[in-house]
Amino acid sequence: MRLTFPFQTERVGAVRIYGMQHVFELDCGHLPAHGESGPAWGTTVAQVVCRDLRSIHERMAIVVPCKDERLKVLEGVLRGIPHDCLVILVSNSGREPVDRFAMERESVERFCRFNQRSALVVHQRDPGLARAFEKAGMPSLVGTDGVVRNGKGEGMLVATALARLAGRDFVGYVDADNYVPGSVREYIDCYAADLFLANTRFAMVRISWHSKPKPVDGVIFFNRWGRTSESTNRFLNLLMAHLTGFGTEAIRTGNAGEHAMTMELAERISFASGFAVEPYQLIDILERYGGIELPETTEIDGEVMHEGVEIYQVATLNPHFHEDKGDDHVEGMTRAALSTIFHSPATPGQVEEAILSYVNTHLEDGTALEPVVSYPPLSSLDWEVLEEVLARDAATLERIDKPGLSRRGAIT
Ligand code: GDP
Ligand code: CO
């Protein structure tokens with residue numbers, strides 16, 4: 001892959017945010033332009049050859065959160081995931097009257113059998129899964145009904161812990177409702193390219209889709225930003241401007257559902273509930289490592305402060321064609337993102353007021369923004385206990401490896 005040399009645009013404390021990178025070539029050949037080994041850091045373009053992308057794929061898990069998506073679409077997404085990545089399907093699909101999870105599980109099993117590859121599957125509402133997280137030190141993830149709470153963020157948290165137990169060094173996320181398998185491939189190559197170029201053990205890559213096309217009056221219109229992204233990015237940039245003293249448009253991926261991280265970073269940050277998860281990760285990184293003095297002082301992590309956090313943003317070539325879930329869904333997502341920013345202790349009064357006025361004028365539901373639920377970092381888990389209880393109690397957890405080899409409760 002050949003893409004823009006990542007230029008740093010902003011620095012807040014130990015956090016470096018890079019400007020938007022563009023993809024020049026999906027495939028850049030197999031020899032680095034400047035010598036045999038290492039990435040070619042040109043002055044304007046960076047080349048990451050196939051071999052180097054592969055070296056990251058082999059160490060990466062790709063999480064597919066899924067809730068009642070069409071099976072054919074999910075199957076397309078799986079096929080777009082590079083061969084060497086470990087697939088982790090975390091499903092919150094209905095099990096009655098039709099067991100949709102069983103159908104998804106079967107699709108994954110078939111996919112692994114035909115392609116000789118590995119995957120983990122688990123159902124989010126498996127009581128054994130809840131027990132494992134409770135016992136391992138994260139009872140807040142479990143609701144009063146005794147199972148892991150509903151929500152995309154919760155699913156991602158669970159799957160990230162599985163990726164860690166499976167020994168993967170990187171974790172990436174792709175939605176299950178994407179109609180274009182080729183775009184999934186491109187996202188994951190973007191993850192791999194930047195994770196390869198990263199200068200620190202604490203790096204994150206966020207995707208900005210080329211466009212979200214929609215038919216308008218019978219013609220396809222390639223809309224650059226969705227409504228949620230537009231407002232999330234605007235307020236995140238206002239917050240950044242407050243922190244640095246300079247106006248900025250550095251943040252372009254506040255709502256990036258498609259993103260990836262090093263496991264070292266994933267373990268240290270908090271996951272938020274539901275659709276707040278993506279903007280929350282950015283805010284959480286700024287709060288923890290942005291050198292901001294906060295009232296409830298979080299513990300300072302010397303290792304990260306010394307090495308620094310890098311946030312990469314890439315604009316893809318492929319458009320993002322996904323299931324259209326309607327206006328209420330968009331509004332819910334916008335509210336979740338705005339709540340995250342609004343309730344951050346890093347957000348100053350002026351930005352809070354700007355958010356409130358936006359909520360009043362642009363959203364149907366103008367009621368108060370509830371604080372976002374978030375969970376402690378994965379590093380607080382007792383990994384041995386988690387693995388042990390999962391193996392014993394998580395009835396839906398399964399490791400599938402190669403034809404005919406599938407093991408209940410196993411992770412590696
Ligand atoms: P959007 O594309 O950001 O508008 O949001 P979607 O509704 O498409 O959700 C993104 C992804 O998260 C999709 O693959 C959903 O199926 C999945 N998802 C949504 N809610 C949940 C949930 O509660 N648990 C899990 N595991 N996945 C979910
Ligand atoms: Co979607």
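For ligands, and for the atoms within them, numbers begin at 1 and follow the listed sequence.
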* Please confirm whether Gly257 comes under 4.0 Å of ligand 1, counting heavy atoms of the residue only. => no

* What distance separates Thr262 OG1 from Asp169 CG, expressed to the nearest 0.5 Å? -> 9.0 Å

* Asked: How far is atom 18 (N) of ligand 1 from its nearest protein heavy atom, and which residue and atom name does that atom have?
  -> Lys67 CB, 3.9 Å

* Structure fact -> A student checking ligand 1 against His322 at a 4.0 Å heavy-atom cut-off should list atoms 1 (P), 2 (O), 4 (O)

* Side-chain heavy atoms of Val15 within contact of Ile311, under 4.5 Å -> yes

* Could you tell me whether Asp328 atom CG has more than 12 heavy atoms of other residues or ligands within 6.0 Å of it? => no

* Asked: How close does the nearest protein non-hydrogen atom get to atom 5 (O) of ligand 1, and which residue and atom is it?
  -> His329 NE2, 3.3 Å

* Check: His329 ring centre within less than 6.0 Å of Phe275 ring centre -> yes

* Consider every N or O of Gly155 and every N or O of ligand 1, then say whether any pair is closer than 3.5 Å. => no

* Is the number of heavy atoms from other residues, nucleotides or ligands within 6.0 Å of CD (Glu249) greater than 12? -> no

* Is ligand 1 under 4.0 Å from a heavy atom in the side chain of Met156, in the backbone, in both, or in neither? -> neither

* Pair Lys67 + Glu104, salt bridge at N-O below 4.0 Å -> no

* With a 4.0 Å heavy-atom cut-off (strictly under), which part of Lys152 contacts ligand 1: side chain, backbone, both or neither? -> both

* **Polar proximity ligand 1 side, Val90 side, N/O cut 3.5 Å exclusive** => yes

* Asked: Looking at ligand 1, does Glu69 have a heavy atom less than 4.0 Å from it?
  -> yes

* To do: Write out the residue and atom name of the closest protein heavy atom to atom 9 (O) of ligand 1, then the distance separating them to 0.1 Å.
  => Phe275 CE2, 3.5 Å

* **Protein heavy atom at shortest distance from atom 27 (N) of ligand 1** => Cys66 N, 3.3 Å

* **salt_bridge(Arg407, Glu398) N-O dist < 4.0 Å** => no

* Asked: Around atom CZ of Arg95, are there more than 12 heavy atoms of other residues, nucleotides or ligands at under 6.0 Å?
  -> yes

* To do: For this output row, return yes or no: ring centroids of Tyr173 and His259 closer than 6.0 angstrom.
  => yes

* To do: Please list, in chain and residue-number order, the protein N/O/S atoms closer than 2.8 Å to the Co ion (ligand 2).
  => Asp177 OD2, His322 ND1

* Heteroatom proximity flag, Lys325 to ligand 1, N/O under 3.5 Å -> yes

* Protein contact to atom 3 (O) of ligand 1 [nearest heavy atom, distance to 0.1 Å] -> Met333 CE, 3.2 Å

* To do: Verify whether one side chain among Glu154 and Ser273 offers a donor that lies under 3.5 Å from an acceptor in the other.
  => yes

* atom 17 (C) of ligand 1 [closest protein heavy-atom partner, distance rounded to 0.1 Å] -> Pro65 O, 3.6 Å

* Which residue supplies the protein heavy atom nearest to atom 25 (C) of ligand 1, what is that atom called, and how far is it? -> Gln124 OE1, 3.3 Å

* Taking the six-membered ring for Trp, are the ring centroids of Tyr312 and Tyr18 within less than 6.0 Å of each other? -> yes

